[in-house]
Asks: 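Here it is, the structure, as C-alpha cells.
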Amino acid sequence: MRILLYNPDNGVTRNFMPHLWMFLLQALTPAGHEVVLIDGNAQPMDEAGLAQYVREQNIGLVGIGAMTRMIAKAYRMADAVRAVGVPVVMGGPHVTEEFEEALGRDGGVRHADAVALGEADETWPKIVEDAARGTLKEVYSPVDDFGQERKPSLKDYPAIPWDKINLGQFNLVPKMFKNTLQKIGEGWGTFRIIPMESGRGCPYGCEFCTVTGFFGDSIRFRTNESVVNELLLLKARAKSEGGQIAVFFIDDNFAINIKRTKSLLRDIIAANAQVHWVAQISANLLRDEELVDLIAASGGKWVFIGMESIDPANLADVNKGFNKPGEYAAVLQRLANRNVYAITSFIFGMDNDTTGVADRTLKEIRTWPPGLPIFGLLTPLPATPLYKRLEAAGRLTRPKHWQKFIPFEMAHTPLKMSISEAHAEVKRGWALSYSAEALAHAVTALKDKPLGYRINIFIARMCFRGIYFPQMGPVAWTKLILQNRRTIYGLVCEGFATWRKLPAPAVQPAA
Ligand code: B12
Ligand code: SF4
C-alpha cells in the first residue's frame, strides 16, 4: 500500500523545519508499504491539488497530523481526500482531545475514518495493517492488554534514516545562492533545521499547555547512544553535501533531568557529534553553570525560554510560579557569556495584565542581552486546565476558536483589559522589537562579539519578524531588506573589511 503522510501549512511561515511525527511514523511503518511525505509548509497544496495527488499516485491511506491552529485546514484537506474514496486517519494533539469532532460524533461533518489518540508510536503499525486489510477501526488508543494507557518508553527508538531521506524541500538557502555558498569555508550550499527528540514529557503542568496532559508527567528518554548516532548521521550528511544542519531538540524541557542532560551533552562532545542546536529549557533549570558550559561546548546556540510574563502574579495564575522574573537577566547573561542566545517567549492577555504591558515588558527586555523576543496571546487550547477554568467561568468568547482560526486573536476576555487592548499590546511588542531600529540596536549591542554572531542575530530577527508580520513573498522580503539597508550595508562592509584585513566602518543605526 502507498501511504501519504500530510501536514497542513500553518499559514504563517514557509519551510522552516520539517515536522518530526511524519519521519517518525515513516520509520515505524511495517515493511512492505511505501510512505510518501508532504509538508504543506514546504509544498503548498489546496484541497483539489491534494485530492488529485492522492488519485494520481495511487495512495491507499492518508495520515494527517495537525496542531489546533491548523485543524480547520486539516479537516478541509481530509474532506477532499475522503471525497475521492481514500481513507483518512488523523492524529496529533488536537484530534486526541477532540476526536469526536474529527469523527463527526459531535453532530458535525465527519472528517476522518480513524483517529490515533495520543502517542502513536505503537498504534501506527496496527493502523497500517488494518487499513491494508480494509478493517480500519474508528479509534486507536495507546493501551496495553488490560486497557491501561501505555506510553512508549523511547528506549528502542527507531533509527530515522536521515542520510537517505530527501530533504530538498527543507533547504533554507535560496536556490540562486546555493552554488556559490557551497564553496565558501565550511559550506553553506544547504541549511536545514532538523527536529530531533531526546525525551518526552514535562511534569510542570502549566495551565495553558497541553504537554503534561498529552505526554503525561512521566518523563522518558532515548538512550544517549541513539541520540548521538542520529547527530553523527546528520553531521556526516551536512559535510557530504557541502552544507549546514542545525538541530532543534523538540523536547519540551530539554534539561528537565539535569543529570541526564549533562550526561547526554558530555557524550555528544566525546563523540565529536556537535552540530549547532536549539532547545527549549525553562529558566529555572539554567541556574546551573556547568549545564550552561556543556550546552555551549556541545553546539547549543539558541535556547527557547517560555518566560511568559514579567509579572509574578500572572505566572502564579497559570501555574508557572517556578519562573522567577527577577532572575531572567542573570540567566540570559549566563547564556550570552558563552555566546548562547535566547528566544524569549511572552504571553499577553493574562488575567493580571493591564494596558501598557508591552512597554513594561520591552523595558525589561532592553536591559537583557539581545535575543529573539516573541509575543503571543493567552490561548485556551482544548482540554487544558486553562480551557476548563475559562469555560466554567463562562469567559470563552469563541469556545470552538479553532474551527475558524484567526492568528493572534483571543478566544476569551482577560480580566483587566479588553480583547482589542490585548491585541494592541501584542502588536506593539512585535512592532517595537522588530523595527529596523530595533534590529540595528540588537546588532550594535553585540559590537564586542564576532561578526558571525551579529549576522546570526540579525538574520534570525529578520526571519522571526515573519511570525507576526506576513513576509512570505519576494516583494515583502525586498521591502524588509530596504528598510534594514543601513544595518545590512554596515555588516557587509565589515565583512569585506575583515576579509581584506582593512579597518571596518562603524555600523550606524537605521534611521
Ligand atoms: C516543535 C514544536 C513547535 C515548532 C513547530 C515546527 C515543526 N516543524 O515542528 C515551533 C517551535 C515552530 C512551534 C510553534 C508553535 N507551537 Co509547537 N510544539 C512543538 C513541540 C515542542 C514538538 C512537536 C513534536 O515534534 N513532537 C514530537 C512528536 C513525535 O510528537 P507529536 O507531534 O505529538 O506526534 C506524535 C503523536 O501526536 C502522533 N501523531 C501526530 N501527528 C499524527 C498524524 C497521524 C496520521 C497519526 C497516526 C499520528 C500522529 O504520533 C506521533 C508519535 O507518537 C510540541 C510539544 C510536543 N512535545 O509535542 C509543541 C506543540 C505542538 N506546539 C504547540 C503550540 C500551541 C505552538 C504554537 C501555536 C505556540 C504559539 N503560541 O505560538 C506555535 C504555532 C506554530 C505555527 N505557526 O504553526 C502545542 C500544540 C497544542 C495544540 N493543541 O495544538 C504543543 C503541543 C505544545 C503545547 N504548548 O501545548 N512548535
Ligand atoms: S514547562 Fe513548558 S512544556 Fe512543561 S508544562 Fe510548562 S509550558 Fe508546558
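Residue numbers start at 1 and run along the sequence shown. Ligands are counted one by one from 1 in listed order, and the atoms in each one are counted from 1 as well.
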Asks: If you measure from each non-hydrogen atom of L24 to ligand 1, which part falls under 4.0 Å: side chain, backbone, both or neither?
Replies: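 Within the 4.0 Å criterion, L24 contacts ligand 1 through side-chain atoms alone.
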
Asks: Heavy-atom distance to atom 37 (O) of ligand 1: which of F408, F23, F214 wins?
Replies: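 Selected option, by shortest heavy-atom distance: F214.
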
Asks: How about E225: does its CD atom have over 12 heavy atoms from other parts shown lying under 6.0 Å from it?
Replies: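 Incorrect, the count does not exceed 12.
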
Asks: If the cut-off is 4.0 Å to any non-hydrogen atom of M70, which atoms of ligand 1 fall inside it?
Replies: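 Once the distances to M70 are compared, the set is 78 (O).
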
Asks: Hey, does the Lys NZ or Arg CZ of R200 hover above the aromatic six-ring of F215, less than 6.0 Å from the centre and inside 45° of the axis?
Replies: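 No; the conditions do not both hold, so R200 does not lie above the ring face of F215.
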
Asks: So is there a nitrogen or oxygen of E197 less than 3.5 Å from a nitrogen or oxygen in ligand 1?
Replies: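 No; every N/O pair is 3.5 Å or more apart.
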
Asks: Can a donor-acceptor pair be found between the side chains of W402 and E101 at a distance below 3.5 Å?
Replies: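 Indeed, the side chains of W402 and E101 share at least one donor-acceptor pair under 3.5 Å.
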
Asks: Under 4.0 angstrom from ligand 1, any heavy atom of R200?
Replies: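 R200 counts as a contact of ligand 1 under the 4.0 Å cut-off.
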
Asks: Measuring from L265:CG to R260:CZ, what's the distance to the nearest 0.5 Å?
Replies: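 Nearest 0.5 Å value for the CG-CZ distance: 8.5 Å.
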
Asks: Using a strict cut-off of 4.0 Å, indicate which atoms of ligand 1 neighbour a heavy atom of Q280.
Replies: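 Near Q280, the atoms of ligand 1 are 21 (C).
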
Asks: To the nearest 0.5 Å, how far apart are CZ in F99 and OG in S141?
Replies: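 These two atoms lie 7.5 Å from each other.
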
Asks: If you measure from each non-hydrogen atom of W124 to ligand 1, which part falls under 4.0 Å: side chain, backbone, both or neither?
Replies: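 Looking at W124 and ligand 1, just side chain atoms fall under 4.0 Å.
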
Asks: What atoms of ligand 1 come closer than 4.0 angstrom to any heavy atom of F215?
Replies: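 Answer, ordered by atom number: 30 (O), 33 (O), 56 (C), 57 (N), 58 (O).
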
Asks: Please compare I250, V89, L154, T96 and report which has the shortest non-hydrogen distance to atom 20 (C) of ligand 1.
Replies: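 Result: the heavy atom closest to atom 20 (C) of ligand 1 is in I250.
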
Asks: Is E197 salt-bridged to R220, cutoff N-O under 4.0 Å?
Replies: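 R220 and E197: not salt-bridged.
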
Asks: Have a look at ligand 1 and work out which part of L25, if any, has a heavy atom under 4.0 Å from it: side chain, backbone, both or neither.
Replies: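 The answer is the side chain of L25.
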
Asks: Answer yes if the ring centres of Y468 and F375 are under 6.0 angstrom apart, and no otherwise.
Replies: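 Distance test on ring centres: not under 6.0 Å, no.
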
Asks: C202: heavy atom below 4.0 Å from ligand 1, yes or no?
Replies: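 So C202 does not count as touching ligand 1.
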
Asks: Give the atom numbers and elements of ligand 1 that come within less than 4.0 Å of a heavy atom of L20.
Replies: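 Per the distance check, 25 (O).
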
Asks: Taking it one step at a time, do Y140 and D130 satisfy side chain to side chain contact (heavy atoms under 4.5 Å, CB included)?
Replies: CA-CA 11 Å; Y140 289 84; D130 284 358; 2.7 Å; yes

Asks: How does D252 reach ligand 1, if at all, at less than 4.0 Å between non-hydrogen atoms: by side chain, backbone, both, or neither?
Replies: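 The part of D252 near ligand 1 is the side chain, not the backbone.
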
Asks: Is there side-chain contact between E409 and H401, with at least one heavy-atom pair below 4.5 Å?
Replies: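 No. Closest side-chain heavy atoms not under 4.5 Å.
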
Asks: So, are E207 and K320 salt-bridged, with charged N and O less than 4.0 Å apart?
Replies: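 Looking at K320 together with E207, the answer is no, because their closest N to O distance does not fall below 4.0 Å.
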
Asks: Please enumerate all residues that pass side chain to side chain donor-acceptor pair (under 3.5 Å) together with S420, with sequence neighbours excluded.
Replies: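 Partners of S420 by the side chain to side chain donor-acceptor pair (under 3.5 Å) criterion, ordered by chain and then number, come out as S418.
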
Asks: Can you tell me if K155 has over 12 outside heavy atoms packed within less than 6.0 Å of its NZ?
Replies: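 More than 12 heavy atoms, drawn from other residues, nucleotides or ligands, come within 6.0 Å of this atom.
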
Asks: Any idea which atoms of ligand 1 are less than 4.0 Å away from a heavy-atom of R69?
Replies: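 Here the atoms of ligand 1 in question are 68 (C), 74 (C), 76 (C), 77 (N), 78 (O).
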
Asks: Out of P142, G118, G91, C209, whose heavy atom sits nearest atom 36 (C) of ligand 1?
Replies: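 Minimum heavy-atom distance to atom 36 (C) of ligand 1 goes to G118.
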
Asks: Would you indicate which of W21, Y6, Y387 comes nearest to atom 41 (N) of ligand 1 when only heavy atoms are counted?
Replies: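 Nearest option to atom 41 (N) of ligand 1, by heavy atoms: W21.
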
Asks: Among all protein heavy atoms, pick out the one at the shortest distance from atom 2 (Fe) of ligand 2; state its residue, atom name and that distance to 0.1 Å.
Replies: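 It is K320 NZ, 4.2 Å.
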
Asks: Tell me the nearest of I467, I127, T68 to atom 84 (O) of ligand 1, using heavy-atom distances.
Replies: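 Closest candidate by heavy-atom distance is T68.
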
Asks: Just going by heavy-atom distances, which of E119, K151, M67, H19 is nearest to atom 62 (N) of ligand 1?
Replies: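 Heavy atom nearest to atom 62 (N) of ligand 1 belongs to M67.
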
Asks: If I only include protein atoms of type N, O or S, how many are less than 2.8 Å from atom 4 (Fe) of ligand 2?
Replies: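 Of the protein's nitrogen, oxygen and sulfur atoms, 1 lie under 2.8 Å from atom 4 (Fe) of ligand 2.
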
Asks: Checking the N or O distance criterion of under 3.5 Å, is ligand 1 in contact with M17?
Replies: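 Yes; at least one N/O pair falls below 3.5 Å.
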
Asks: Ignoring angles and geometry beyond distance, decide whether A120 reaches within less than 3.5 Å of ligand 1 through its nitrogen or oxygen atoms.
Replies: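 Among all N and O atoms of A120, at least one is under 3.5 Å from an N or O of ligand 1.
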
Asks: Under a 3.5 Å threshold, yes or no: a donor from one side chain and an acceptor from the other, between Y204 and N319?
Replies: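 Result is no, nothing qualifies.
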
Asks: What part of E97 sits under 4.0 Å from ligand 1 if we count only heavy atoms: the side chain, the backbone, both or neither?
Replies: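 Neither part.
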
Asks: Can you tell me if F304 has a non-hydrogen atom under 4.0 Å from ligand 1?
Replies: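 Contact absent.
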
Asks: To the nearest 0.5 Å, what is the distance between CG on L24 and CG on L5?
Replies: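 Reported value, rounded in 0.5 Å steps: 10.5 Å.
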
Asks: Quick one: CG on L234 to CH2 on W162, what's the gap to the nearest 0.5 Å?
Replies: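 Between L234 CG and W162 CH2, I get 7.0 Å after rounding to 0.5 Å.
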
Asks: Name all residues meeting the side chain to side chain donor-acceptor pair (under 3.5 Å) criterion together with D351; count only those two or more places apart in sequence or in a different chain, and write none if there are none.
Replies: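 Here the qualifying residues are R389, R395.
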
Asks: Using a strict 4.0 Å threshold on nitrogen-to-oxygen distance, state whether R76 and D79 make a salt bridge.
Replies: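 No.
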
Asks: Any nitrogen or oxygen of D121 lying under 3.5 Å from a nitrogen or oxygen in ligand 1? Just yes or no.
Replies: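 Indeed, backbone or side chain, D121 has an N or O that close.
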
Asks: Heavy-atom pairs closer than 4.0 Å: do any link ligand 1 to the side chain of L381, the backbone, both, or neither?
Replies: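 Under 4.0 Å from ligand 1, L381 contributes side-chain atoms alone.
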
Asks: For G63, take its heavy atoms, then give the atoms of ligand 1 lying under 4.0 Å from any of them.
Replies: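 In order of numbering, the contacting atoms are 45 (C).
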
Asks: Who are the side-chain contact (heavy atoms from CB on, under 4.5 Å) partners of I374, not counting sequence neighbours?
Replies: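 So I374 forms a side-chain contact (heavy atoms from CB on, under 4.5 Å) with F304, I343, S345, W430, Y434, F464, I467.
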
Asks: Distance under 4.0 Å to a non-hydrogen atom of A116: what atoms of ligand 1 satisfy this?
Replies: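 This gives 47 (C) as the contact atoms.
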
Asks: Which class fits the ring pair Y341 and W302: parallel under 30°, tilted 30 to 60°, perpendicular over 60°?
Replies: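 Taking W302 first and then Y341, their aromatic rings sit tilted (interplane angle of 30° to 60°).
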
Asks: In this structure, does ligand 1 have an atom that sits under 4.0 Å from one of the heavy atoms of P195?
Replies: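 Checking ligand 1 against P195, which is what was asked, there is no heavy-atom contact under 4.0 Å.
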
Asks: Are any of the side-chain nitrogens in E119 or R150 under 4.0 Å away from the carboxylate oxygens of its partner?
Replies: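 No, E119 and R150 are not salt-bridged.
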
Asks: Mind checking whether V54 and V62 have side chains closer than 4.5 Å, heavy atoms only?
Replies: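 Yes. Closest side-chain heavy atoms under 4.5 Å.
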
Asks: Below a 4.0 angstrom heavy-atom separation, can you tell me which part of Q280, side chain or backbone, both or neither, approaches ligand 2?
Replies: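 It is neither; nothing of Q280 touches ligand 2.
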
Asks: Under 4.0 Å from a heavy atom of P18: give me the atoms of ligand 1 that qualify, with their elements.
Replies: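 Matching atoms, with element in brackets: 7 (C), 8 (N), 9 (O).
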
Asks: Check each of I71, L117, T210, T384 against atom 90 (O) of ligand 1 and report the one with the nearest heavy atom.
Replies: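 Answer by nearest heavy atom: T210.
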
